[in-house]
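Only this structure's heavy atoms are used, side chains among them; waters, hydrogens and symmetry mates stay out.
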There are 2 protein chains.
Amino acid sequence: MPSYSAPVEDTLFVLNEVLNINQYNNLPGFADATPDMIEAILTEGAKLCEEVTAPLNKSGDSEGCILNEDGTVSVPKGFKEAYDAYCEGGWNGLAMPEEFGGQNLPAALGSAIGEYMNSANVAFAMYPGLTQGAVAALLAHGSQEQKEIYAPKMIAGQWTGTMNLTEPHCGTDLGLLRTKAVPNEDGSYAISGQKIFISAGEHEMSENIIHLVIARIEGAPEGTKGISLFVVPKYIVNEDGSIGERNALSCGALEEKMGIHGNSTCVMNYDGAKGWLVGTENKGLSAMFTMMNEARLGVGIQGLAISEVAYQNAVEYAKDRRQGRALSGAQEPDKSADALIVHPDIRRILMTIKSINEAGRAFALWTSLNGDLSHRGLDDETREAADDMMGLLTPVLKGVLTDKGFDNAVMAQQVFGGHGYIQEWGMEQFVRDSRIAMIYEGANGIQALDLVGRKLPRNGGRAIQAFFKEVGSFISSHKDDDKMADYTKPLSQGLSKLQEATMWLMSNAMAKPENAGAASTDYMHLTGLVVLGYMWAKMAKVANDKLEAGTDNPKFYENKLLTAKFFMERIMPECNAHMDRISTGCETMMAMETDAF
Amino acid sequence: MPSYSAPVEDTLFVLNEVLNINQYNNLPGFADATPDMIEAILTEGAKLCEEVTAPLNKSGDSEGCILNEDGTVSVPKGFKEAYDAYCEGGWNGLAMPEEFGGQNLPAALGSAIGEYMNSANVAFAMYPGLTQGAVAALLAHGSQEQKEIYAPKMIAGQWTGTMNLTEPHCGTDLGLLRTKAVPNEDGSYAISGQKIFISAGEHEMSENIIHLVIARIEGAPEGTKGISLFVVPKYIVNEDGSIGERNALSCGALEEKMGIHGNSTCVMNYDGAKGWLVGTENKGLSAMFTMMNEARLGVGIQGLAISEVAYQNAVEYAKDRRQGRALSGAQEPDKSADALIVHPDIRRILMTIKSINEAGRAFALWTSLNGDLSHRGLDDETREAADDMMGLLTPVLKGVLTDKGFDNAVMAQQVFGGHGYIQEWGMEQFVRDSRIAMIYEGANGIQALDLVGRKLPRNGGRAIQAFFKEVGSFISSHKDDDKMADYTKPLSQGLSKLQEATMWLMSNAMAKPENAGAASTDYMHLTGLVVLGYMWAKMAKVANDKLEAGTDNPKFYENKLLTAKFFMERIMPECNAHMDRISTGCETMMAMETDAF
């Protein structure tokens with residue numbers, strides 16, 4: 001069975017030393033996040049993940065969920081108890097407002113815990129993950145009454161939440177949706193329609209399930225301009241807050257999926273179910289979009305999380321399994337063979353994953369911290385700059401960390417040879433489980449289009465210019481530091497390519513938007529590489545400074561420098577290939593007639 | 001349910017127009033392979049695959065195989081009937097010697113049919129595939145008596161075959177194997193030990209199963225020098241050729257795998273089973289190696305095959321599914337939305353796969369034809385040159401077409417969005433099924449080491465020099481042809497990078513073999529890109545010539561040129577990144593202490 005050990009030391013390194021989170025202790029909620037408190041919270045969260053949820057990951061996959069004849073859904077053994085332990089720990093409320101029972105700590109801390117949860121058991125982590133998303137939507141767009149009815153119990157975990165967007169004929173293009181909302185006399189609506197791929201849609205782990213459903217009010221305009229958001233509880237809530245009658249909604253079927261079998265992914269049928277409008281009529285889609293960045297950040301972290309746990313298990317196997325001899329001669333001649341880890345090609349795999357994970361962790365926590373600053377920053381300027389950066393980089397984080405996360409899980413599986421292909425070792429589950437993150441919350445092609453079509457041009461390119469400035473300043477302020485040359489030189493080359501690609505888009509995509517579409521995925525990955533390279537350069541700077549100042553843990557920082565160097569040598573060269581592709585434009589692919597495919 | 005249509009037209013294009021197979025009609029067996037005969041055979045094979053085995057692919061995956069209490073293994077419904085139809089068609093014997101009931105046609109034709117079989121149903125195709133491998137081993141190394149006993153019935157398909165190499169503690173490093181062979185008084189051996197991951201190890205589709213097993217004869221040297229090959233039938237064969245008593249071997253368990261569920265992958269227990277030595281004592285491993293190239297070619301073709309069927313289904317979905325509008329304005333304003341295929345990013349995916357598949361098909365058939373020439377060529381020189389090329393390029397074909405094949409299946413799945421993740425559409429099965437091809441018959445890291453450590457330096461680099469000469473001559477003989485510039489220029493740049501990488505290895509890997517290991521995977525993929533680019537340049541030449549001469553099918557050739565251009569623009573740029581990585585050497589990855597991973 002695979003094992004998991006939360007990378008607390010590395011998270012602390014990023015939060016305290018790289019991002020210097022302590023500098024924000026004048027912001028709401030940050031004062032409580034002292035270094036000791038952060039360490040205590042991470043350690044406690046690690047314990048829950050390592051001891052309670054990780055041991056249920058493999059059994060959850062084999063057992064899956066079952067739709068019973070009475071319409072209830074059974075989750076895998078142990079999930080309910082684990083969920084209770086999660087709720088008892090107050091984990092849902094970590095970064096939620098105190099007003100509704102939360103602890104109001106930085107969301108960046110929540111993201112760190114989110115990584116551990118998803119490494120340990122992604123199918124399990126989705127239950128509270130969806131709840132947090134639903135709470136965020138209600139807090140952002142619900143009425144005060146709605147917040148008071150739902151938020152405290154959802155934050156406590158007593159009730160869980162879901163998001164209902166997709167229908168059989170529409171996913172990306174929600175303008176096509178057909179679910180109807182007909183006004184009732186009491187101010188509520190009767191919701192009717194079918195939703196598919198609804199994660200955590202039905203189960204008995206919580207007393208109630210609060211569905212957020214997008215639907216079209218009778219007579220509303222067609223397309224995306226006629227979509228409204230509704231809260232549709234499984235059990236209608238009485239005025240005193242107690243559970244009332246069963247609502248007219250049910251799980252029609254469980255989806256048969258490639259992975260995340262421990263999560264109940266439901267076809268949900270709404271048959272005139274009672275729902276209440278959240279926010280403004282016909283503004284449902286923009287309500288969903290305002291919280292999309294946070295949900296996409298969460299999915300990007302899933303990519304990192306599975307990559308991390310897959311890496312850990314591949315390392316363990318590579319140290320343990322003996323096959324063949326080191327190319328330079330036997331390392332342990334008294335043993336039957338050397339460990340796999342002596343082989344350069346195995347090290348190439350492991351260091352590739354390691355170098356992406358550690359930079360990915362910094363990227364995720366930096367983006368999450370920008371999310372915090374965009375809400376809690378003390379002045380408009382800070383909030384705007386943080387919001388710009390988070391908006392720009394979230395599709396990159398989602399698209400790149402889930403693409404790379406999946407690739408990494410596949411590479412980690414490869415270390416096991418044939419043993420990676422059988423269920424026993426759990427590696428093939430990581431591959432199956434990580435695959436979904438490239439698809440949901442907007443398939444990665446949609447992330448790429450969001451980046452080039454929406455985030456890049458917004459406000460005349462203000463966000464990307466700020467990013468260029470930040471990375472450029474970092475490079476120039478260390479250009480005379482010989483110890484930084486191994487990191488700043490490749491970063492600078494990558495940045496040039498990204499600037500070139502951005503110029504190319506400005507010159508070629510306005511007149512011919514297909515050029516943007518044809519460039520989008522490569523542009524997203526090119527941006528991702530520059531961000532990850534920037535994270536490594538920043539980490540290398542910290543490491544160099546620590547080593548120069550003297551530290552009782554020099555190995556830790558020396559290994560950071562080695563991993564940074566590997567990233568610069570082996571991963572950054574992809575920047576050029578992305579730019580080469582972008583510059584060829586859309587012509588060839590658009591020239592092919594449809595029938596010729 | 002996914003559909004499949006065998007690409008007969010494209011196979012004919014490669015065999016007749018690109019490889020000009022007709023030029024070899026003076027070789028044994030080739031005279032029968034007239035253009036009409038080739039087309040008839042491909043069409044007949046296509047029919048079997050499309051109508052008989054493809055419809056069992058999805059059900060075979062859900063049903064899987066079952067180990068019954070009596071030790072028998074049940075295969076999925078319909079497999080036995082499909083296998084009978086396959087045998088009736090005489091497909092096993094297509095390229096087998098007439099002496100034992102085969103038709104002695106070119107193996108290249110068998111490879112074409114192999115592609116169709118694996119596209120339609122890879123789990124099914126493995127049963128006869130393994131049999132063909134076992135027959136090849138017996139024909140190459142068995143005694144005349146052994147050939148006469150086993151080959152005719154195996155070629156007829158009445159008996160099937162397996163290869164037993166892997167043991168729980170050894171896969172890549174077979175020198176560690178423990179299965180024992182103790183001489184019996186009658187000249188046979190008593191074989192005892194456990195083998196794992198044995199494809200088609202037990203089932204009731206054939207009267208007998210002929211296991212080829214490697215084991216160590218009591219007292220033999222340790223390591224790879226003490227390994228012998230044995231034929232160990234499930235039922236011992238009587239002198240008159242009839243089935244005799246049950247041998248002391250059994251399926252201990254079925255492996256629980258990520259995919260290829262329709263194939264019975266067995267743990268095989270040998271408890272003093274009667275076996276007969278094949279070939280020379282202690283030379284079992286080299287006997288296995290002489291046929292390894294052919295088996296690896298077959299697995300490379302599996303990668304292509306699943307990529308092709310995944311592509312076909314993604315194309316169908318992209319034409320059918322409507323989401324969003326074309327970036328340049330609605331293409332079908334009267335419909336609710338445009339088809340996915342209007343979107344450049346979808347076209348990027350589809351053309352990436354298409355451009356790799358079509359070049360991959362040419363690569364596979366060219367390599368297979370080299371295999372034919374290495375056996376059937378009329379003079380030593382031809383045979384040697386063909387054997388060199390096949391030996392050099394087989395690890396490349398296996399490693400690159402299976403890596404790309406899996407990536408392509410994942411990309412094709414992505415076209416389906418959430419529908420790609422659920423079982424209904426069959427796309428996630430293609431991903432799971434294609435994953436194994438990167439692992440078995442030597443994991444792809446081993447292919448890369450075989451290339452840089454064995455095939456490249458052999459005979460002073462004779463094979464790679466011949467490859468450089470062939471590609472270089474092609475480029476220079478078309479250097480004044482403007483219509484070829486789009487193809488020869490990128491090919492020439494790729495070739496330069498490969499030559500540079502080869503020089504780098506010569507200068508750096510002799511003294512420090514870890515440099516070869518660190519470069520191996522990138523070198524393999526760099527070689528693969530140059531081969532695929534060469535295939536495209538050759539195909540473009542044929543297309544240009546046809547279009548110039550006039551043809552009644554100009555679209556076919558115009559689309560070849562477009563696809564060739566796409567490959568040059570979008571895939572060839574990866575060459576540079578591979579070279580950049582190779583040149584960084586092994587230093588950083590080897591510097592990391594084991595505990596730091």
Under 4.5 Å heavy-atom distance to chain B, tell me which part of [X] shows up: side chain, backbone, both or neither.
{"X": "A:F406", "result": "side chain"}
{"X": "A:H578", "result": "neither"}
{"X": "A:Q413", "result": "both"}
{"X": "A:R321", "result": "side chain"}
{"X": "A:N559", "result": "both"}
{"X": "A:T594", "result": "both"}
{"X": "A:I341", "result": "side chain"}
{"X": "A:F197", "result": "side chain"}
{"X": "A:D407", "result": "neither"}
{"X": "A:V342", "result": "backbone"}
{"X": "A:I346", "result": "neither"}
{"X": "A:L176", "result": "side chain"}
{"X": "A:F416", "result": "neither"}

Option in [options] with maximal non-hydrogen atom pairs under 4.5 Å from chain A:
{"options": "B:E593, B:E569, B:R570", "answer": "B:R570"}
{"options": "B:T166, B:L327, B:I582", "answer": "B:L327"}
{"options": "B:Q312, B:H419, B:R322", "answer": "B:H419"}
{"options": "B:E222, B:M438, B:Q414, B:H169", "answer": "B:Q414"}
{"options": "B:C170, B:P344, B:P573", "answer": "B:P344"}
{"options": "B:S520, B:G418, B:G420, B:S336", "answer": "B:G418"}

Is it true that B:K58 and B:D61 have a side-chain N and a carboxylate O under 4.0 angstrom from each other?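 No, B:K58 and B:D61 are not salt-bridged.
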Is any side-chain N of the basic residue among B:E574 and B:K497 closer than 4.0 Å to the acidic one's carboxylate O?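 A salt bridge is absent here (no side-chain N lies under 4.0 Å from a carboxylate O).
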Pairs of heavy atoms under 4.5 Å with chain B: top-ranked of [options]:
{"options": "A:E428, A:Q429, A:E255, A:R435", "value": "A:R435"}
{"options": "A:A518, A:A443, A:A318", "value": "A:A518"}
{"options": "A:A519, A:G453, A:A577", "value": "A:A577"}
{"options": "A:A516, A:G585, A:G445", "value": "A:G585"}
{"options": "A:V315, A:I571, A:V410, A:D580", "value": "A:V410"}
{"options": "A:E514, A:Q323, A:E316", "value": "A:Q323"}

Are side-chain heavy atoms of [X] and [Y] found at a separation under 4.5 Å?
{"X": "B:N444", "Y": "B:T521", "answer": "no"}
{"X": "A:E256", "Y": "B:I422", "answer": "no"}
{"X": "B:M258", "Y": "A:Q423", "answer": "no"}
{"X": "A:K555", "Y": "A:E558", "answer": "yes"}
{"X": "A:K512", "Y": "A:C586", "answer": "yes"}
{"X": "B:E358", "Y": "B:K560", "answer": "yes"}

Does any N or O in the side chain of [X] come within less than 3.5 Å of the main-chain N or O of [Y], such that one atom is a donor and the other an acceptor?
{"X": "A:K257", "Y": "A:I436", "answer": "no"}
{"X": "A:D338", "Y": "A:A326", "answer": "yes"}
{"X": "A:R347", "Y": "B:M592", "answer": "yes"}
{"X": "B:R325", "Y": "B:A330", "answer": "no"}
{"X": "A:Q493", "Y": "A:M572", "answer": "no"}

Can you tell me which portion of B:I260 sits under 4.5 Å from chain A's heavy atoms? Options are side chain, backbone, both or neither.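 Both backbone and side chain.
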Report which part of B:S328 has an atom under 4.5 Å of a heavy atom belonging to chain A: side chain, backbone, both, or neither.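 B:S328 touches chain A through backbone and side-chain heavy atoms alike.
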Which atom of A:F430 lies closest to which atom of A:N313, heavy atoms considered: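 Taking every non-hydrogen atom into account, CE1-ND2, 4.0 Å.
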Do other residues, nucleotides or ligands put more than 12 heavy atoms under 6.0 Å from the NZ atom of B:K319?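 Result for NZ/B:K319: enclosed.
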Counting only heavy atoms from other residues, nucleotides and ligands, does the tally under 6.0 Å from CD of B:E587 exceed 12?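 Counting other residues, nucleotides and ligands, CD of B:E587 stays at 12 neighbours or fewer.
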